[in-house]
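One-based numbering, in listed order, for ligands and for the atoms of each.
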Amino acid sequence: MAENILELHDLKKHFPTTSGGLFSRRKGVVKAVDGVSLSIGVGETVGLVGESGCGKTTAGRTVMKLYEPTDGKIIFQGEDISHYSRKQMMPFRSQMQMIFQDPFASLNPRHTVGTIVGASYDIHGIKPAGGVENAVRDLLERVGLNPEHINRFPHEFSGGQRQRIGIARAIALRPKLIVADEPVSALDVSIQAQVVNLLDDLQQEFGLSYLFVAHDLSVVQHISDRVVVMYLGKVMESAPTESLFAKPRHPYTKALLSAVPIPDPRLERTRERILLQGDLPSPMNPPAGCVFNTRCWKVQDKCRSVVPEPVQIAPNHTLACHFPE
Ligand SMILES: Nc1ncnc2c1ncn2[C@@H]1O[C@H](COP(=O)(O)OP(=O)(O)O)[C@@H](O)[C@H]1O
Ligand SMILES: [Mg+2]
């Protein structure tokens, strides 16, 4: 494979907090992302999974430089953009785009589809051959919308169609990388597959790379080449999709996968579910040692004091666990 489109090296994003009001001196820090390393090859889809609150959105937004990273590196096409200013980021803005979970909240309700999708051209001072309107009509058609609806407003579309508008906007400038943050989570299950297939088609057509954030593992299994499993700001395991699903090594991965229904009813009846005890600990005060130790059924003394470093156990397969499966 050619050079990676994106590499994250020990990326951290901590949010400072003051608790107890304006004059409080008690300051804390939310370790939303606390050491994430991953790479995405050209044309590859990497799924980023983990339960709600584990730092997926923060990681995605930091990659887009919507947040300034606290520590670690973001390498985009070989260039270290970790601390680039707004101005330095300008040439990269068109190459990295984001698709959001809630297609309604991310579309301005007072703007027509034409304005929304065409805005990228104005912002980047790009004049598409044949004019903006033609380019937008092409994009609408490309994402499966009727180009005649260019003057309609977001509320005139269904949820799935609105997500298609978001996708049209994202691909307008022919980006290289798309960070998709739970792009189908808010959609009806019957619509999800259509949108996922559209993303698949666009990837083939434009050689796109995706960071695909989701908590629904069946969607991730379908679309991802590799999967990165996060828990409380850290990567627990990352592996090619097939081996991760066939043979999860981290107890947390195993627990996550055990919640996915098996399509075969006979196998589904014998599926062993692992229910994690307790809640996700606060990222303001993560457990010492392995962050998963408070909920792990294999926990031993070492897990409460020694942080397990990610170790490569097979090509493309890393694992951060003292007592793997
Ligand atoms: N801007 C922020 N300021 C403070 N804490 C935040 C901020 N954004 C997210 N967090 C916290 O960081 C943690 C990770 O959140 P998030 O990245 O949204 O997780 P996920 O997308 O996996 O659900 C949560 O505890 C959340 O409350
Ligand atoms: Mg999120």
Side-chain angles (χ1 to χ4, degrees), residues 6 8 10-22 24 26-38 40 45-72 74 96-106 159 163 166 170 178-187 192 195-196 199 210-221 223-224 227-238 244 250 252-253 255-257 259-260 276 278-288 291-292 294-295 320:
L6 180 78
L8 304 181
D10 209 17
L11 185 69
K12 296 184 181 173
K13 178 62 198 174
H14 296 174
F15 296 106
T17 60
T18 43
S19 48
L22 191 56
S24 168
R26 273 195 305 143
K27 285 208 173 72
V29 60
V30 179
K31 296 177 177 176
V33 174
D34 199 30
V36 166
S37 300
L38 60 83
I40 305 179
T45 298
V46 172
L48 185 60
V49 303
E51 70 201 288
S52 180
C54 71
K56 304 181 299 295
T57 292
T58 305
R61 294 182 65 97
T62 310
V63 166
M64 296 294 300
K65 287 293 303 277
L66 297 172
Y67 294 142
E68 184 68 12
T70 306
D71 200 3
I74 306 169
M96 320 163 74
Q97 293 286 322
M98 198 156 179
I99 302 172
F100 300 91
Q101 170 171 4
D102 183 347
F104 203 53
S106 64
Q163 194 53 289
I178 289 185
V179 175
D181 189 1
E182 311 244 14
V184 300
S185 304
L187 305 177
Q192 288 188 358
V195 174
V196 167
L199 290 171
Y210 291 131
L211 180 60
F212 193 97
V213 174
H215 66 267
D216 182 340
L217 283 149
S218 33
V219 171
V220 165
Q221 179 174 24
I223 198 168
S224 307
V227 176
V228 175
V229 179
M230 267 183 91
Y231 183 81
L232 217 61
K234 292 184 186 291
V235 174
M236 300 287 102
E237 182 167 14
S238 73
L244 189 99
H250 198 290
Y252 181 60
T253 313
L256 272 186
L257 291 182
V260 180
L276 291 179
D279 294 327
L280 189 71
S282 162
M284 277 187 77
N285 191 16
V291 287
F292 185 56
T294 56
R295 299 169 82 194

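- In summary, the atoms of ligand 1 found under 4.0 Å from a heavy atom of Pro283, numbered by their order in the structure, are 25 (O).
- Close contacts of ligand 1 with Ser52, meaning ligand atoms under 4.0 Å from a residue heavy atom, involve 23 (O).
- The protein atom (non-hydrogen) at minimum distance from atom 1 (N) of ligand 1 is Phe15 CE2, 3.5 Å.
- Ligand 1 has no nitrogen or oxygen under 3.5 angstrom from a nitrogen or oxygen of Val30.
- Counting atoms of ligand 1 from 1 in the listed order, those under 4.0 Å from a heavy atom of Thr58 are 9 (C), 15 (O), 16 (P), 17 (O).
- Checking Thr57 against the Mg ion (ligand 2), an N/O/S atom falls under the 2.8 Å cut-off.
- What sits closest to atom 18 (O) of ligand 1 on the protein, heavy atoms only, is Thr57 CB, 3.7 Å.
- Of the protein's heavy atoms, at least one falls inside 4.0 Å of atom 4 (C) of ligand 1.
- Of the protein's heavy atoms, Gly55 N, 3.1 Å lies nearest to atom 19 (O) of ligand 1.
- Checked against a 3.5 angstrom limit, the closest N/O atoms of Lys56 and ligand 1 fall inside it.
- Residues satisfying the side-chain contact (heavy atoms from CB on, under 4.5 Å) test with Asp10, not counting sequence neighbours, are Lys12, Ser37.
- The shortest contact between atom 12 (O) of ligand 1 and any protein heavy atom is with Ala32 CB, 3.3 Å.
- Taking atom 23 (O) of ligand 1 as the reference point, the nearest protein heavy-atom neighbour is Gly53 N, 2.6 Å.
- The minimum heavy-atom distance between Gly233 and Val36, with the atom names listed, is O-CG2, 3.6 Å.
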